[in-house]
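One-based numbering, in listed order, for ligands and for the atoms of each.
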Amino acid sequence: MFDYHIHTRLCRHATGSMEEYVEAAVKRGLNEICFTPHSPMPGLYGTNLRMDLEEFDIYLNDIERVKKQFKEINILTGIEADYYAGYEDFLAGFLSGYPFDLVHMSIHFIRHWPEGQWVFNLDPARPLHEIYRDYFNALEEGIKTGLFDSVAHFDLIKQPGHPVLKSNIKDVEKIIDLCCRNGLSIEINTGGLRKEIGEIFPSTDIIGLMISKGVSMTLGSDAHTPSQVAFRFEETAEWLKKYPEAKMVRYKKRKAYSYRYA
Ligand SMILES: [Zn+2]
Ligand SMILES: [Zn+2]
């Protein structure tokens with residue numbers, strides 16, 4: 001089993017050293033993990049979210065160190081890069097400058113929203129389907145940049161009691177189709193099970209739609225502490241077993257390879 005979404009204390013809001021995460025992964029019996037720190041975004045708000053650009057070599061050195069130290073598990077160099085309009089040139093340069101295995105795209109902030117407003121802190125005055133649409137429009141723009149391999153926490157925007165698929169099915173279908181066409185995968189992220197929403201990202205009905213459309217998928221825990229590595233993967237694996245046609249992929253040097261998950 002693989003966990004393709006892992007942070008460390010280099011992201012200032014996560015705890016635990018890289019060694020501790022690898023040890024936890026080995027204990028959980030994983031064969032492969034991908035570290036995915038939040039990308040440095042010089043000048044963008046959310047500085048408590050990410051390392052500075054100057055710290056990036058620390059991350060790469062840490063990766064090299066644990067690769068040598070732990071031979072029993074495959075360790076990939078990934079990144080969770082924010083798509084935020086206006087940062088395309090920076091990201092293009094940054095992403096091409098390092099030997100990444102996997103680049104996740106995340107939308108945490110939306111360009112035309114008030115500064116510093118997270119996608120899950122919504123403006124109560126606006127109808128939810130419009131807010132959801134802003135988010136999916138940003139996803140669409142991000143995918144079209146061609147800078148990313150995979151979409152992380154696909155329905156991060158969702159609010160309790162307001163399923164995204166119900167109000168925005170056209171947007172969801174458009175994004176899945178775009179991922180199919182452009183060769184991006186979509187992540188199944190168990191981190192949502194720890195959040196207020198209490199469900200996986202994306203919700204199982206959206207995953208069902210993804211499977212029926214044949215989009216590639218990765219699996220990640222979004223661990224922010226070592227104990228969250230492979231968070232609730234057993235039940236996710238159990239659920240996925242019902243869908244032998246699910247197209248799971250692993251990555252190496254930003255190329256996707258199919259594998260049978262369950
Ligand atoms: Zn985080
Ligand atoms: Zn993350």
Between [X] and [Y], does any side-chain N to carboxylate O distance fall below 4.0 Å?
X    : Y    : value
R12  : D52  : yes
K144 : E140 : yes
E80  : R50  : no

#### Entry: Heteroatom N/O/S of C11 within less than 2.8 Å of the Zn ion (ligand 2)
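It does not; every qualifying atom lies at 2.8 Å or beyond.
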### Query
the Zn ion (ligand 1) to H224: any N/O/S contact under 2.8 Å?
yes
### Message
So that I can check it, does any N, O or S atom in H7 come closer than 2.8 Å to the Zn ion (ligand 1)?
### Response
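No, outside the cut-off.
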### Message
Given the Zn ion (ligand 2) as the apex, I'd like the angle to NE2 of H5 and OD1 of D222, rounded to 10 degrees.
### Response
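Roughly 80°, rounded to 10°.
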### Task
Identify, by name, the N, O or S atom of E80 lying closest to the Zn ion (ligand 2).
OE1
### Message
Quick one, R65 with E19, criterion salt bridge (charged side-chain N to carboxylate O under 4.0 Å, His left out). Give me CA distance, side-chain angles, the key distance, then yes/no.
### Response
CA-CA 9 Å; R65 195 181 62 244; E19 277 82 358; 2.8 Å; yes
### Query
Does one side chain, of H5 or D222, offer a donor that lies under 3.5 Å from an acceptor on the other?
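The answer is yes; a qualifying pair exists.
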### Query
So which N/O/S atom does H13 have closest to the Zn ion (ligand 1)?
NE2
